[in-house]
Amino acid sequence: MVSIKSVAKKVIVCSLLGLLQVGLFAPAADAAAPRHNPQRYEHRNEYRNDHHQRELKKEKERRLKEENKRHEKIMKRHPFESTKQWHERQKKEIERHRRAVYEIMQMGRR
């Protein structure tokens, strides 16, 4: 016959084992569960935005430099054109250059 003491011991041992399995591993499972940490994501987005802004600034500077070189080259008088033709071409080029610089400066603002 099974004594009350042996049944009580088995119940206590099984209860302790259950508590150990659930109780000890619950904090580890809770800590391992992924959590939404908005600060971490915001930091990543800020890094991406900063990186994007730096790249955009570099691209603007590169395009402005190219445009200014092109403008300077075009503004010079050609040996075969008259003074009147040269001035007319300069007026058109100045307006075209102004629009091109404006478009370059508007990059990334749309």
Side-chain angles (χ1 to χ4, degrees):
M1 188 165 181
V2 179
S3 72
I4 295 178
K5 283 185 178 181
S6 68
V7 172
K9 285 181 184 178
K10 288 179 182 176
V11 168
I12 291 172
V13 168
C14 289
S15 297
L16 287 175
L17 285 174
L19 283 175
L20 285 175
Q21 287 179 347
V22 174
L24 286 181
F25 297 113
D30 186 40
R35 295 180 189 265
H36 177 69
N37 188 352
Q39 186 177 15
R40 178 181 294 165
Y41 296 118
E42 288 173 8
H43 178 70
R44 288 181 184 168
N45 287 338
E46 288 174 12
Y47 172 76
R48 286 184 190 139
N49 289 340
D50 289 346
H51 180 70
H52 178 70
Q53 291 298 325
R54 283 192 303 272
E55 291 297 319
L56 188 61
K57 186 177 178 181
K58 284 181 186 178
E59 179 65 15
K60 281 182 182 183
E61 289 173 358
R62 183 191 65 77
R63 288 182 62 185
L64 277 173
K65 188 175 180 180
E66 286 178 4
E67 173 59 26
N68 287 334
K69 281 183 182 180
R70 191 203 66 74
H71 177 69
E72 186 178 330
K73 182 180 176 184
I74 297 230
M75 289 297 285
K76 291 181 182 176
R77 184 176 177 184
H78 298 297
F80 57 84
E81 69 184 343
S82 69
T83 306
K84 183 179 178 182
Q85 290 172 330
W86 178 46
H87 287 299
E88 287 175 14
R89 187 170 56 80
Q90 279 183 325
K91 286 179 186 176
K92 290 177 185 176
E93 172 55 26
I94 289 170
E95 182 59 29
R96 198 213 63 77
H97 178 69
R98 188 191 62 75
R99 282 193 312 265
V101 169
Y102 178 79
E103 288 176 9
I104 291 170
M105 296 309 290
Q106 293 301 313
M107 277 177 47
R109 294 186 184 180
R110 296 176 189 144

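Any value given below was found using the heavy atoms of this structure, including those in side chains, with hydrogens, waters and symmetry copies removed.
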Evaluate whether atom CD of E95 has more than 12 neighbouring non-hydrogen atoms of other residues, nucleotides or ligands under 6.0 angstrom away.
-> yes
Which atom of E93 lies closest to which atom of M75, heavy atoms considered | CG-SD, 3.6 Å
Working to the nearest 0.5 Å, report the span between CD of E55 and NE2 of H52.
-> 9.5 Å
CZ of R99 to CD1 of I104: how many Å apart, nearest 0.5 Å?
-> 13.0 Å
Just by modelled atom types, is the I74 backbone N or O under 3.5 Å from a matching donor or acceptor in the R89 side chain?
-> yes
Going from NZ on K60 to CD on E67, what distance comes out if it is rounded to the nearest 0.5 angstrom?
-> 15.0 Å
E66/K69 salt bridge by N-O under 4.0 Å criterion = no
When rounded to the nearest 0.5 Å, the distance separating CD of E72 from NE2 of H97 is 10.0 Å
Passing candidate, side-chain contact (heavy atoms from CB on, under 4.5 Å) with W86, options K76, E81, K91 = E81
K92/E88 salt bridge by N-O under 4.0 Å criterion = no
Kindly compute the distance separating OG1 (T83) from CD (Q90), expressed to the nearest 0.5 Å.
-> 10.0 Å
